[in-house]
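Here's the structure we're looking at; comments come further down.
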Amino acid sequence: MNKLTINNLDLFYGENHALKDISLNIPNRKVTALIGPSGCGKSTLLRTLNRMNDLVENVKITGDVHFDGEDIYQQSDVKALRKRVGMVFQKANPFPMSIFENVAFGLKAQGVKSTEEIKAVVEESLRSAALWDEVKDRLDSDAFGLSGGQQQRLCIARAIAMEPEVILMDEPTSALDPIATHKIEELMDELRKKFTIVIVTHSMNQAKRIADKTAFFWMGELVEHGETDQIFNNPIDTRTQGYVSGEFG
Amino acid sequence: MLNRTQQDKVLLGAIWASASITILFLLWVMWHILSNGLSHVSWEFITGAYTRIGEASGIWAMIVSTVYMVGLSLSIAAPIGIMTAIYLTEYAKPGSKIVKVIRFCTESLAGIPSIVYGLFGMTFFVTTLGLGFSILAGSLTLSMLILPVIIRTTEEALMAVPISYREGGYALGATKIYTIWRLILPSAMPGIITSIILSIGRVIGESAPVFLTAGMVTQIPESVLESGRTLTVHLYKLTQELFTQSEWDQAYATATILIVLVLALNLATKIITNRYNKVSH
Amino acid sequence: MDSAMTTNTLKLPEKATKKRDWIETVFHLLFLGCAMVGVLSVATIAWFVFHEGLPAFQQAGISEIIFGREWLPPALFGIAPMIVASLISTLGAVIIGVPIAILTAVFLAELAPKWLANLVRPAVELLAGIPSVVYGFFGLVIIVPMIEVLFHIPAGNTILAGIIVLAIMILPTVITISETSLRALPSTYKEAALALGASHIYSIFRVLIPAARSGIYTGISLGVARAIGETMAIIMVMGNAPAMPGSLLEPARTLTANIAMEMSYATGIHASALYSTGIVLLVFIVLLNASLLYLNHKRSH
């Protein structure tokens, strides 16, 4: 069962042809890793899935992206889409407010008023992000006081609080040390039971460790995609071979 | 001809001399006014009434007029200025024609000498709109004058808010206005408050456009449609007639009050920026 | 954890998308409307100043106003003395103030011990915020009598007094902006110069100041704008006689002072002539900004 279906997607930044005829299926409740050298278009593709590219000037997109069978670029309500497709960024971006308020932000933005309800969701989201035990005694303190890894898990909790169906992760551990990275990878293993995860990563080992499916991008093209094992052990395309064996990239 | 080392010595001397002159004048101005003024600042002087004949020389009416002027000018200019800055940073396409026009106009506003504001305010607000010499006419004039200060400083504060906050907000499905209101504006608040303090300083410091629009009546204005004399205008009027010792003392004391006010505003800005820097780093 | 998430279906209030979009549009228009206030203000001021100032130019003649040496409203409206007074006082303030300011900026950015710089810098900022009437007052009680004593003249309210007061007033502006642009230079500039064996002073004057030129120009032009636009401090120390000054030790009336002193009682053609004075002042400001643009433009080529 596919959660997201990308059909013949082309994306231009002005003159720059950043994504070339991409077709890819993202399976439900699985982790799909997008890999490839910098500038290959993997982050750009990620940002088309919740229409974050709408914020950029001069972007032209053709082709379509179906989410549960519905074309997200035909839908006018971007906010509703972003509620269902959460995002975690490369560098943890907690808001300048308390830990509690960070997680509650999305709910309040949706107009949820009930304090009880918000409290419950905040706790549950922090538990799901494996952060609750570390922060339950200081929910009202500033989010910037957390360590880098904790901040990133806070951002995951913030995304989970919206009860999304898909979580997009843009190199979520690239700014973290190995121990914090390990924690997030463990967390993702839990999260895949509930959410569809699409992760952009530059670490092939990370993709190997956590991804069910892997897609390899090269200069705006989707070169090859399939089961993670197959991509790393029996790549078909020579470019994939070269990249996963560490010859370039 | 001097050789290199000698030249260096001359230049070094010039630098030290210049710095000394600056510091000397600075201390001189402050010391001269404070030393002659502080002893004449009393509770009675601050809260007392003023009569022209000279039996009462308090500046309470001038303080009230100044406060009215500051309050009214800011309540006109601050919302408009802040919303203009929001438009420029959050809505308008950077580099578009409309942005260029707005930028050009705010820069022009900043470049117009204050006396021209006085000239305009007197003809437009006082006469054409029939507001008369009044706190309202003065505040409208000054709000035009401080508008560019508020716009520019607020814009800088908004631009300093990391893009990642906006992305984070939108990625959670928040609307633009919610993200601005709950996330971007609070993050930019120290900068916005600084811009407001700067404007307070501007309003307190102006004099020429003030007496041309708000007049110089030494009574406490009962409404914004009455004339009032601000502290700077008062100091100017006092210096026109420095005959008796009491008049000298009043002038020094008023100048002292003005310096103390400016000092307080500067301190407030410093405290806000320091606290903000501590939080963000 | 996982069953809990699916069963807890959070009830998000159903806000119609249409209503939300409508609110977005309203705010967008509100912000745009506010942004237009500045545009409207400039347009209104420009229209008023020119509309009110043109009758005097038409009735008295442009050359009679600009080159006329007699100001006798409502008959003669020559403002040549005021133009000369404004230019001389500004020029004098620049000649005295700018070198001192730039060298002080160099001192703060490069030479001063940290503790001293941290003491002087806020003091200079404070100096920038002090109202001009306070400077005028200082000039009136200190500079004016000093000139009387030094030059043995009966009245010290002279152009020289104006020049000194203006020079003090432009110091903070020029210092602050020059220092900021000196500090903004990459440290590699200085290191490169020092590595070539140049002395610290030599690298300051040959490398750092030229590199920070554009910021220093901006500081100077803001200082000039402050000097030429200054009104009250000038009125208080310069004597304000509307006659062509023969030397720096004579009183004179600037363009700004002319407006401030007569506006409250002027009517008809007299008021219009004051607007013409304002137009001339604005022309100077435009020329000043144009030359700043030219200098910075020339530099980038």
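Proteins get letters first, then strands, A, B, ... in listed order; numbering begins at 1 in each.
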If one checks every heavy atom of C:T44 against chain B at 4.5 Å, the contacting part turns out to be both
When the 4.5 angstrom heavy-atom criterion is applied to C:L281 and chain B, the contacting part is side chain
So, the part of B:K9 with a heavy atom under 4.5 Å from chain C: the answer is neither
Is any side-chain heavy atom of C:I235 less than 4.5 Å from a side-chain heavy atom of B:Y236?
yes
If one checks every heavy atom of B:L12 against chain C at 4.5 Å, the contacting part turns out to be both
Turns out that what part of B:I23 lies under 4.5 Å from chain C's heavy atoms comes down to side chain
Under 4.5 Å to a heavy atom of chain C? For B:L263 that would be both
When the 4.5 angstrom heavy-atom criterion is applied to C:V49 and chain B, the contacting part is side chain
Chain C shares the most heavy-atom pairs under 4.5 Å, among B:I177, B:I80, B:N266, with B:I177
Cut-off 4.5 Å, heavy atoms of chain C, and the answer for B:L212 is side chain
Residue set satisfying ring-ring contact (aromatic ring centres under 6.0 Å, His included) with B:Y91, at least two apart, ordered chain then number -> C:H28, C:F31
Most heavy-atom pairs under 4.5 Å with chain C, out of B:Y178, B:W16, B:W248, B:F133, belong to B:W16
Turns out that what part of B:Y117 lies under 4.5 Å from chain C's heavy atoms comes down to side chain
Within residues 200-210 of chain B, contacts to chain C at heavy-atom distances under 4.5 Å involve B:G205, B:S207, B:A208
Exercise. Got more than 12 heavy atoms from elsewhere within 6.0 Å of CZ, B:R182?
Worked result: no
Cut-off 4.5 Å, heavy atoms of chain B, and the answer for C:I130 is both
Honestly, the part of C:I102 sitting under 4.5 Å from a heavy atom of chain B is neither
When the 4.5 angstrom heavy-atom criterion is applied to B:F104 and chain C, the contacting part is neither
Honestly, the part of C:V39 sitting under 4.5 Å from a heavy atom of chain B is both
| query | Side chains of C:I45 and B:M144: closer than 4.5 Å at any heavy-atom pair? | reply | yes
The interface call for B:V29 against chain C, heavy-atom contacts under 4.5 Å, is both
Answer key: most heavy-atom pairs under 4.5 Å with chain B among C:E52, C:E110, C:E24, C:R226 is C:E24
Bottom line for C:M236: the part with an atom under 4.5 Å from chain B's heavy atoms is side chain
Most contact-rich option vs chain B, by heavy-atom pairs under 4.5 angstrom, among C:S132, C:A225, C:G129, is C:G129
The interface call for C:L32 against chain B, heavy-atom contacts under 4.5 Å, is both
Name the atoms and distances for all side-chain donor-acceptor pairs under 3.5 Å in residues 135-145 of chain C, with sequence neighbours left out.
from: C:Y135; atom 1: OH; to: C:L127; atom 2: O; distance (Å): 2.5

Turns out that what part of B:L265 lies under 4.5 Å from chain C's heavy atoms comes down to neither
Residues B:S18 and C:T104: closest non-hydrogen pair is O-OG1, 3.4 Å
Bottom line for B:I98: the part with an atom under 4.5 Å from chain C's heavy atoms is side chain
Correct closest heavy-atom pair for B:G111 and C:I285 would be O-CG2, 3.6 Å
Q.
Does C:H51, at its NE2 atom, have more than 12 non-hydrogen atoms belonging to other residues, nucleotides or ligands within less than 6.0 Å?
A. no
Counting heavy-atom pairs under 4.5 angstrom with chain C, the leader among B:T269, B:I112, B:L11 is B:L11
So, the part of C:F205 with a heavy atom under 4.5 Å from chain B: the answer is side chain
Nearest heavy-atom contact between B:L26 and C:A123 is CD2-CB, 3.4 Å
Turns out that what part of B:D8 lies under 4.5 Å from chain C's heavy atoms comes down to both
Of all heavy-atom pairs linking C:G229 and B:P113, the shortest is CA-CB, 4.0 Å
What one should report as the nearest heavy-atom pair of C:A260 and B:I115 is CB-CD1, 3.6 Å
| Evaluation steps, side-chain contact (heavy atoms from CB on, under 4.5 Å), between C:N289 and B:E107 | CA-CA 11 Å; C:N289 289 326; B:E107 269 165 33; over 6 Å; no
Here the pair of heavy atoms bringing C:P131 nearest to B:T232 is CB-CG2, 3.7 Å
Those residues of residues 118-125 of chain B that come under 4.5 Å of chain C on a heavy-atom basis, listed by number, are B:L119, B:F120, B:M122, B:T123, B:F124
Honestly, the part of B:I15 sitting under 4.5 Å from a heavy atom of chain C is both
Scored by heavy-atom pairs under 4.5 Å with chain C, the best of B:V116, B:T239, B:I33 is B:T239
- Message: Between B:M83 and C:V37, is there a side-chain heavy-atom distance shorter than 4.5 Å?
- Response: no
Counting heavy-atom pairs under 4.5 Å with chain C, the top scorer among B:E90, B:K176, B:Q240, B:M30 is B:K176
Under 4.5 Å to a heavy atom of chain C? For B:T128 that would be side chain
Under 4.5 Å to a heavy atom of chain B? For C:S41 that would be both
Chain B shares the most heavy-atom pairs under 4.5 Å, among C:A112, C:C34, C:A101, with C:C34
Turns out that what part of B:I86 lies under 4.5 Å from chain C's heavy atoms comes down to side chain
